[in-house]
Amino acid sequence: MFDPVIAPSGTLLGLLQRGRGDGTLHALTAPRAEALAALNHCVLSDPRHDWQVENRSLYYARLYLDLSGGLDEIERHLFDAEDVLDDCESRTGLALAVLGHLASYGRRDALELLRGYAASGTNWAWALDELALRDDDAGLRALAEPVLARFPADPEGEAALTAQVRDAFEPRPWRLWADDPRPAIAARVRAAQEQGSFDRWQRQMRPAGPRPGWSVRAVFEWAQQGLDRGAALHVPAARCLTAVAATEDQPEIVEAARGGGDGARCTALRYLADSNDPDALALIEAAVGDGTAAVAEAAVDAFERMRSVAAVDRARGWAHRPDALGAAAGRMLACRGGTKDSELVLGALREAVRGEGPDAPTLWTLVDGAGRLGIVCAAPVLRHIYRETASSHLRGRAARALAATDPSFPAGFAVECLWDCEESTREVAARHAETGDARVVDQLRRLASDPAEEAEVQTAVRSRIGPDAPAV
């Protein structure tokens with residue numbers, strides 16, 4: 001899947017793509033046709049950089065309800081000829097998840113669309129999972145024949161059916177079908193369930209992977225073999241070293257960390273860092289300076305995992321370095337530094353935004369650090385990240401940091417966060433948003449009564465509007 005093209009943050013489309021609360025608020029005041037066009041664009045062209053982690057479906061479903069939006073565009077997208085040619089889940093997953101939420105809100109047209117797609121669509125398993133949570137037994141039983149017809153009654157088809165039943169995210173339909181009054185359906189599903197249980201038992205009895213008992217040299221060789229075929233195995237190899245290395249092997253491991261082959265060097269650096277060896281920091285610095293790209297990356301990763309006081313002290317000296325180790329030092333101070341490190345963390349935060357933009361991966365840790373340390377001067381940078389990032393998770397982290405650093409947050413961003421796509425961000429807003437705005441009170445009450453809302457959000461809301469809370 002190609003990276004999505006995200007519109008500017010000041011546009012309605014850009015706000016909706018980011019899942020910002022302001023997207024909903026602007027859509028509700030914009031011309032309805034324009035708002036629905038932007039909403040359909042988001043649902044049919046998934047704007048998330050990581051669709052397996054970021055939330056959008058409930059956010060878009062609620063907006064469909066608020067706009068009384070039809071589902072014709074979603075139907076055309078699902079049943080387009082491209083569905084046969086493109087079997088990637090990301091093409092239809094967001095649309096199916098939105099339909100699932102709409103079905104739970106009582107939209108019969110959404111439920112019928114899910115049933116039709118589960119019977120004939122390429123990404124049928126996702127639609128079936130959505131129906132497993134929302135449809136009645138009769139609706140699910142009606143899908144047994146079209147779903148089982150996808151699996152030919154030959155060894156290859158039965159193996160595919162077994163894998164599908166064994167790995168199903170929602171087992172309810174398969175359990176219903178195993179008790180189906182039609183013997184042919186029930187027999188196939190029961191046989192697949194039994195074979196899947198046997199396959200799982202076999203995997204447990206025959207675990208794959210390295211086993212303790214190797215020598216240190218054998219572990220190094222295994223790590224190098226993995227690197228030669230393009231698989232980075234130094235992390236599991238370092239765990240193996242923990243099991244097989246003895247005191248007398250320490251000089252060999254240190255020597256490998258100093259100048260061994262890439263596989264051995266990466267493994268040794270990871271092992272020494274995890275065990276807080278006194279030589280680890282010097283060896284990491286040397287590896288960043290003279291090692292290959294793979295070695296330097298492994299060294300930086302190993303350093304960031306260290307928890308010792310010595311590592312934090314060394315991070316203070318490395319934080320000004322203009323390389324990956326300097327960036328890692330800033331992140332370490334953000335996680336484990338004290339208030340005296342605030343200037344270094346703030347500098348790292350500003351440099352990351354200037355050099356890599358508001359979506360830089362390093363910002364996740366630095367933003368958290370700014371909030372943890374209460375760096376008030378970081379508020380302008382955090383507000384910029386909040387507005388511009390395409391990652392709803394990073395925006396949520398920025399909101400939590402602003403709650404700890406920005407006095408204007410309760411009357412500002414906290415208000416729009418009540419409509420945010422991420423439940424953790426809505427929870428922050430529920431705890432901090434000022435209730436002088438009538439929209440805030442109305443939205444708090446809506447979240448408290450919405451059965452689709454997460455329990456943590458509702459708990460936070462009720463702490464503000466419950467019988468023991470101050471009057472709002």
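Values below: every heavy atom of this structure, side chains too, minus hydrogens, waters and symmetry copies. Predicted model, so just to flag it, every value in this text is computed and none were measured.
No salt bridge links Arg426 with Asp420; every basic N to acidic carboxylate O contact stays at or beyond 4.0 Å. Salt bridge status for Arg316 with Asp313: present, with a side-chain N to carboxylate O gap under 4.0 Å. Under 4.0 Å is where a charged nitrogen must lie from a carboxylate oxygen, and between Glu54 and Arg56 at least one such pair does. One finds a salt bridge joining Asp450 and Arg62 here, because a Lys/Arg side-chain nitrogen approaches an Asp/Glu carboxylate oxygen to under 4.0 Å. The residues Arg172 and Asp137 are annotated as salt-bridged, a charged nitrogen and a carboxylate oxygen being separated by less than 4.0 angstrom. Salt-bridge check for Arg270 with Asp301: failed, with every basic side-chain N at 4.0 Å or more from each acidic carboxylate O.
Rounding to the nearest 0.5 angstrom, the gap separating the CG atom in Asp368 from the CG atom in Leu373 is 10.5 Å.
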Tell me, with the steps shown, if Asp290 and Arg265 meet salt bridge (Lys or Arg N to Asp or Glu O under 4.0 Å). CA-CA 12 Å; Asp290 63 18; Arg265 195 172 186 185; 2.9 Å; yes
Go through it in stages, so that I can follow the logic: the residues are Thr389 and Asp359, the test is side chain to side chain donor-acceptor pair (under 3.5 Å), and I'd like the CA-CA distance, side-chain angles, deciding distance and then a yes or no. CA-CA 5 Å; Thr389 182; Asp359 292 309; 2.6 Å; yes
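Residue-environment remark: CD (Glu170) exceeds the threshold of 12 foreign heavy atoms within 6.0 Å. The environment of CD in Gln164 is crowded: more than 12 heavy-atom neighbours from other residues, nucleotides or ligands sit within 6.0 Å. Other residues, nucleotides and ligands contribute at most 12 non-hydrogen atoms within 6.0 Å of the NE2 atom of His41.
Looking only at side-chain heavy atoms (C-beta outward), Leu382 and Asp406 stay at 4.5 Å or farther from each other.
Listed here is the closest heavy atom pair of Leu402 and Ala379: CD2-O, 3.8 Å. Of all non-hydrogen atoms in Arg321 and Asp323, the two that sit nearest each other are NH2-OD2, 2.7 Å.
You'll find the ring centres of Phe169 and Trp126 outside the 6.0 Å limit.
Checking side-chain atoms of Arg48 against main-chain N and O of Asn55 turns up no donor-acceptor pair under 3.5 Å. One N or O on the side chain of Gln17 and one on the backbone of Val5 form a donor-acceptor pair closer than 3.5 Å.
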